[in-house]
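Worksheet for the structure shown next.
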Amino acid sequence: MAKYCPNCGRKLSFFSREGLCSECKTTQEVELDEIEQQIEETKSVTEQQLELLKKHDRGALVKLFGRIYEQFEEDKELEEGEIAALQSIQDKLGLSIEEVQFNERIRPYIYVNTIRKEGKLPTVNLRVEGGGQVILKKGEVVHFADTASLKELRSVSLGYSGGSHGISFPIAKGVRYRVGAHRGHIVREDRYVETSRGALMITNQRLFLHPFPGQKPVSIPLDKILSYQCFDNGIEVYKEGREKGYLFTIGSSGSVEIFGLCLGKLSGQ
């Protein structure tokens, strides 16, 4: 069955996988480059530009978003106008948070700019899927939340070491007696073991793990946090009166950054 270019109606090669003729494809590439350059120069996006971008395939738009982000973030900052432009591109073109890596790329800068401009943290309307109702304390507001698992140090048995088979000798027909046999000593090691899972949130009063059904909650008042340390995949928190820390593992490195920002702001660090 013959295929035709949807833009100009030219007949396409039977083996064409592009969906457009070569001339229309070149025209779209030039148009895309021009719009990209305009957005990078003005640090804003117009409705007309968005309408033109809607004609392009999703993969090209995701790559466009990435290139514009890299250009904006070249100075290791994202200004409010740049954030607004990126959010508009994502929203109006229907790109998902995962496709544009919004939590890793954009959201931390939203928190940084809010702190700089307003001297306070953003607040969020919390909705936890798969868990019960979150009951907040009087005057408590949520600044950020993400799914996380709690890992705690536990002593784990690794088996036995230094065991001996001993020796045996006959004492009667068909009966042998064994002496000196023992299983050695138990080898144990402290390891992080997952002990709960849920929605980790930070409020103006505490760090709180709202548990999934069947899991345990953890609530750490901010004034009881002695120290914390951020890693690529989580955050370790030490609480007053507790020798071992809580390790909350989080899938997004952007979320780790935001938790660290919030803890730093709320603790005055």
Side-chain angles (χ1 to χ4, degrees), residues 69-70 72-80 82-83 86-87 97-98 100-128 131 134 136-137 139-153 192-212 215 217-269:
Y69 163 77
E70 289 173 1
F72 283 172
E73 207 252 352
E74 194 173 26
D75 59 354
K76 304 304 178 184
E77 295 281 351
L78 279 185
E79 300 171 2
E80 286 186 80
E82 294 170 334
I83 291 173
L86 290 167
Q87 287 181 305
I97 288 175
E98 291 75 21
V100 302
Q101 301 176 49
F102 187 85
N103 286 334
E104 292 81 0
R105 289 171 162 176
I106 316 298
R107 199 180 297 280
Y109 285 111
I110 294 176
Y111 278 72
V112 169
N113 285 334
T114 303
I115 293 172
R116 286 176 175 172
K117 183 178 179 180
E118 304 177 19
K120 63 181 182 180
L121 293 167
T123 58
V124 298
N125 295 319
L126 187 65
R127 185 181 67 180
V128 179
V134 178
L136 298 176
K137 300 179 180 181
E140 188 173 23
V141 294
V142 179
H143 294 300
F144 188 67
D146 200 352
T147 55
S149 62
L150 169 64
K151 294 185 178 182
E152 299 178 84
L153 279 174
Y192 276 106
V193 177
E194 183 175 308
T195 57
S196 188
R197 183 180 290 268
L200 181 65
M201 60 193 72
I202 185 165
T203 77
N204 58 334
Q205 299 182 22
R206 57 181 170 156
L207 187 69
F208 177 51
L209 182 69
H210 178 72
F212 292 153
Q215 304 289 309
V218 175
S219 182
I220 310 174
L222 295 177
D223 60 2
K224 298 296 182 182
I225 295 178
L226 293 178
S227 64
Y228 65 91
Q229 187 171 0
C230 295
F231 303 95
D232 287 341
N233 64 336
I235 184 167
E236 187 176 35
V237 179
Y238 283 87
K239 176 186 176 183
E240 182 180 311
R242 192 176 193 268
E243 182 181 354
K244 297 179 180 180
Y246 296 98
L247 177 61
F248 299 99
T249 58
I250 309 163
S252 165
S253 60
S255 291
V256 174
E257 283 190 60
I258 295 173
F259 275 114
L261 277 171
C262 291
L263 281 171
K265 173 63 177 175
L266 294 167
S267 63
Q269 297 182 17

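- Counting only heavy atoms from C-beta outward, the side chains of S196 and L209 approach each other to under 4.5 Å.
- Counting non-hydrogen atoms of neighbouring residues, nucleotides and ligands closer than 6.0 angstrom, the CG atom of D232 reaches no more than 12 such neighbours.
- Residues L207 and Y246 are not in side-chain contact: their nearest non-hydrogen atoms beyond the backbone lie 4.5 Å or more apart.
- Side-chain contact of Y109 with E77: a donor-acceptor pair under 3.5 Å is absent, judged by distance alone.
- Closest heavy-atom contact between M201 and A145: CB-CB, 3.8 Å.
- The residues K151 and E236 are annotated as not salt-bridged, no charged nitrogen and carboxylate oxygen being separated by less than 4.0 angstrom.
- Using a 4.5 Å heavy-atom threshold, the side chains of F144 and P122 count as separate.
- Under the rule for a side chain to side chain contact (heavy atoms under 4.5 Å, CB included), the partners of E98 that lie at least two apart in sequence or sit in another chain are S96.
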T114 vs L121, side-chain contact (heavy atoms from CB on, under 4.5 Å): CA-CA, chis, key distance, verdict: CA-CA 6 Å; T114 303; L121 293 167; over 6 Å; no
Y238 and Y228: CA distance, side-chain angles, deciding distance, ring pair (Phe, Tyr, Trp, His ring centres under 6.0 Å) verdict: CA-CA 6 Å; Y238 283 87; Y228 65 91; over 10 Å; no
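- Using a 4.5 Å heavy-atom cutoff, the side chains of V112 and L261 are in contact.
- Within the 4.5 Å cutoff, no side-chain heavy atoms of N233 are placed close to those of V256.
- Enclosure of atom CD in E74 is not indicated, since only 12 or fewer non-hydrogen atoms of other residues, nucleotides or ligands lie within 6.0 angstrom.
- In this view, S253 satisfies the side chain to side chain donor-acceptor pair (under 3.5 Å) rule with no residue, not counting sequence neighbours.
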Worked verdict on L78 versus L86 for side-chain contact (heavy atoms from CB on, under 4.5 Å): CA-CA 10 Å; L78 279 185; L86 290 167; 4.3 Å; yes
Worked verdict on V218 versus L150 for side-chain contact (heavy atoms from CB on, under 4.5 Å): CA-CA 9 Å; V218 175; L150 169 64; 3.4 Å; yes
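- Distance check, rounded to the nearest 0.5 Å: CD of Q101 to CD1 of I106 gives 9.5 Å.
- With salt bridges taken as basic N to acidic carboxylate O contacts below 4.0 Å, one links E80 and K117.
- Contacts of E140 classified as side chain to side chain contact (heavy atoms under 4.5 Å, CB included), with partners at least two apart in sequence or in another chain: L136, K137, T203, N204, Q205, R206.
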S252 vs E104, side-chain contact (heavy atoms from CB on, under 4.5 Å): CA-CA, chis, key distance, verdict: CA-CA 7 Å; S252 165; E104 292 81 0; 3.3 Å; yes
